[in-house]
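To start, the structure itself, in structure tokens.
This structure is a prediction, so every number in the text was calculated from the model and none was measured. Chain letters run A, B, ... following the sequence lines, proteins first, then strands; residues in each count from 1.
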Amino acid sequence: MIELSTPALNPVASKMLKKGACDSDDLDEGEQAFYSAIKKDLNGITAEPSNKTIDNILSYSRSF
Amino acid sequence: MKLQLKNDQELIHLYLNGHESGLEELIRRHKSKIYTSIYLLVKDTYLAEDIFQDTFIKVINTLKAGKYNEEGKFLPWVIRIAHNLVIDHFRKEKRTPVVTSGDGFDIFEVLKFYDESMEERMMREQTHQDLKTLIHLLPSEQKEVLIMRHYGELSFKEIADITNVSINTALGRMRYALNNLRKMMLTKELSLKN
């Protein structure tokens with residue numbers, strides 16, 4: 001079984017507090033590299049709502 | 001000027017000046033990211049359609065009432081509305097969604113790509129299916145941050161505000177989400193090799 005990480009204490013936050021001010025976009029190099037590697041696949045799993053739903057929204061807008 | 005060349009703020013102004021085309025272009029531009037964000041959280045096609053529709057009804061009501069804050073970016077604002085509606089749904093249902101294929105057809109399976117060999121298509125579909133499954137396996141708070149960051153293009157500060165946590169916590173959840181995805185992918189690769 002794969003054990004996923006969700007510790008009660010946040011070691012990332014602790015590390016950052018020790019470093020000083022936190023950059024809100026501060027993924028480290030390895031994390032950023034992995035994220036960049038999977039971005040294409042994340043974009044590949046996007047889907048869209050049906051035309052009917054879009055039509056309903058636009059009809060609602062026109063009803064004003 | 002072509003609608004596609006207008007930025008979101010210009011489209012909103014166009015819409016508020018009576019041109020429905022402004023709203024149509026905003027929807028066309030952002031529907032995929034918004035819908036995918038909802039779908040990955042609720043894992044039900046029909047429910048995602050309903051929440052998507054309700055999201056834009058709220059968007060329209062707010063715009064028409066003159067209550068849109070022009071300083072905020074459009075996509076993060078809409079994602080925030082969608083996220084709140086998803087939370088409202090879960091509160092009403094008082095349950096966590098289960099990964100199941102019993103909600104009708106899987107819309108991800110009907111995406112069509114052209115000029116692609118059968119083998120490439122099968123590999124792509126398998127990769128996407130695997131990634132979808134892995135995302136569903138993430139703890140909900142990590143999945144939430146990943147979805148809002150990637151599809152909603154929200155900053156960690158915006159994510160922190162929406163989810164009522166500190167920026168450090170939001171960033172930490174993103175890091176755990178990425179590390180867990182990587183861990184699961186490596187484990188899957190190892191199990192395939194053995």
Side-chain angles (χ1 to χ4, degrees), chain A, chain B residues 15 20 23-24 27-28 31-36 38-40 45 48-50 52-53 56-57 59-60 64 107-108 111 124 127-132 135 137-139 141-142 146 149-151 155-157 160 166-176 178-185 187:
Chain A
M1 183 177 167
I2 305 166
E3 187 179 323
L4 300 180
S5 306
T6 49
L9 296 175
N10 190 335
V12 171
S14 300
K15 195 195 289 185
M16 287 184 152
L17 284 171
K18 284 175 189 169
K19 270 188 189 176
C22 171
D23 181 339
S24 62
D25 288 312
D26 195 22
L27 293 176
D28 70 30
E29 212 174 293
E31 289 158 352
Q32 192 59 53
F34 175 70
Y35 180 40
S36 298
I38 65 168
K39 264 185 186 176
K40 188 181 171 187
D41 289 324
L42 285 172
N43 291 337
I45 62 172
T46 53
E48 295 190 354
S50 67
N51 288 334
K52 182 176 183 303
T53 295
I54 305 293
D55 288 343
N56 289 344
I57 292 166
L58 295 175
S59 293
Y60 177 80
S61 175
R62 288 185 203 108
S63 70
F64 273 82
Chain B
Y15 174 58
E20 292 293 325
L23 179 66
E24 289 174 28
I27 293 174
R28 187 203 66 78
K31 62 183 178 178
S32 181
K33 287 185 174 179
I34 297 165
Y35 181 79
T36 302
I38 296 168
Y39 179 78
L40 287 175
T45 304
E49 297 267 359
D50 283 348
F52 181 89
Q53 185 172 299
F56 270 95
I57 285 175
V59 165
I60 290 165
K64 292 286 191 184
I107 57 175
F108 291 98
L111 291 173
R124 174 181 51 74
T127 301
H128 289 170
Q129 183 59 41
D130 289 346
L131 182 58
K132 244 197 309 169
I135 290 172
L137 289 173
L138 288 173
E141 67 276 7
Q142 293 175 22
L146 175 66
R149 178 69 173 164
H150 183 76
Y151 298 107
S155 67
F156 287 111
K157 184 181 186 309
S166 67
I167 296 175
N168 279 344
T169 298
L171 176 58
R173 288 175 177 175
M174 180 71 174
R175 291 176 120 164
Y176 282 119
L178 293 174
N179 286 330
N180 283 329
L181 281 177
R182 181 160 49 184
K183 199 186 296 185
M184 288 191 281
M185 286 176 179
T187 303

Discussion item. Looking only at heavy atoms and a cut-off of under 4.5 Å, which of B:Leu131, B:Ile34, B:Leu146 has the most pairs with chain A?
Written reply: B:Leu131
Discussion item. Pair B:Glu49, B:Tyr35 - check side-chain contact (heavy atoms from CB on, under 4.5 Å), show working.
Written reply: CA-CA 8 Å; B:Glu49 297 267 359; B:Tyr35 181 79; 3.9 Å; yes
Practice prompt. Would you please test A:Ile45 and B:Ile135 for side-chain contact (heavy atoms from CB on, under 4.5 Å) and show each step?
Written response: CA-CA 11 Å; A:Ile45 62 172; B:Ile135 290 172; 3.7 Å; yes
Fill in: Interchain contact, B:Asp50 with chain A, by part (heavy-atom threshold 4.5 Å)
neither
Item to complete: May I have all residue pairs that pass ring pair (Phe, Tyr, Trp, His ring centres under 6.0 Å) and include part of residues 41-61 of chain A, sequence neighbours excluded?
Response: A:Tyr60-A:Phe64
Worksheet item: What part of A:Lys39 lies closer than 4.5 angstrom to a heavy atom of chain B: side chain, backbone, both or neither?
Response: both
Item to complete: Considering only heavy atoms and a distance below 4.5 Å, find which of A:Asn56, A:Leu42, A:Leu58 pairs most often with chain B.
Response: A:Leu42
Worksheet entry | Intermediate values then yes/no, side-chain contact (heavy atoms from CB on, under 4.5 Å), A:Ile57 and B:Val59 | CA-CA 10 Å; A:Ile57 292 166; B:Val59 165; over 6 Å; no
Worksheet item: So do A:Phe34 and B:Leu181 actually touch side chain to side chain, heavy atoms under 4.5 Å?
Response: yes
Item to complete: Answer yes or no for B:Lys64 and B:Tyr15: cation-pi contact, defined as NZ/CZ to six-membered ring centre under 6.0 Å and angle to ring axis within 45°.
Response: yes
Worksheet, complete the sentence: Cut-off 4.5 Å, heavy atoms of chain A, and the answer for B:Leu178 is both
Worksheet item: With a 4.5 angstrom heavy-atom cut-off, which part of A:Ile54 approaches chain B: side chain, backbone, both or neither?
Response: side chain
Practice prompt. Report the option among B:Arg182, B:Gln53, B:Lys31, B:His150 that has the most heavy-atom pairs separated by less than 4.5 Å from atoms of chain A.
Written response: B:His150
Item to complete: Can you tell which part of B:Ile38 gets under 4.5 Å to a heavy atom of chain A, answering side chain, backbone, both or neither?
Response: neither
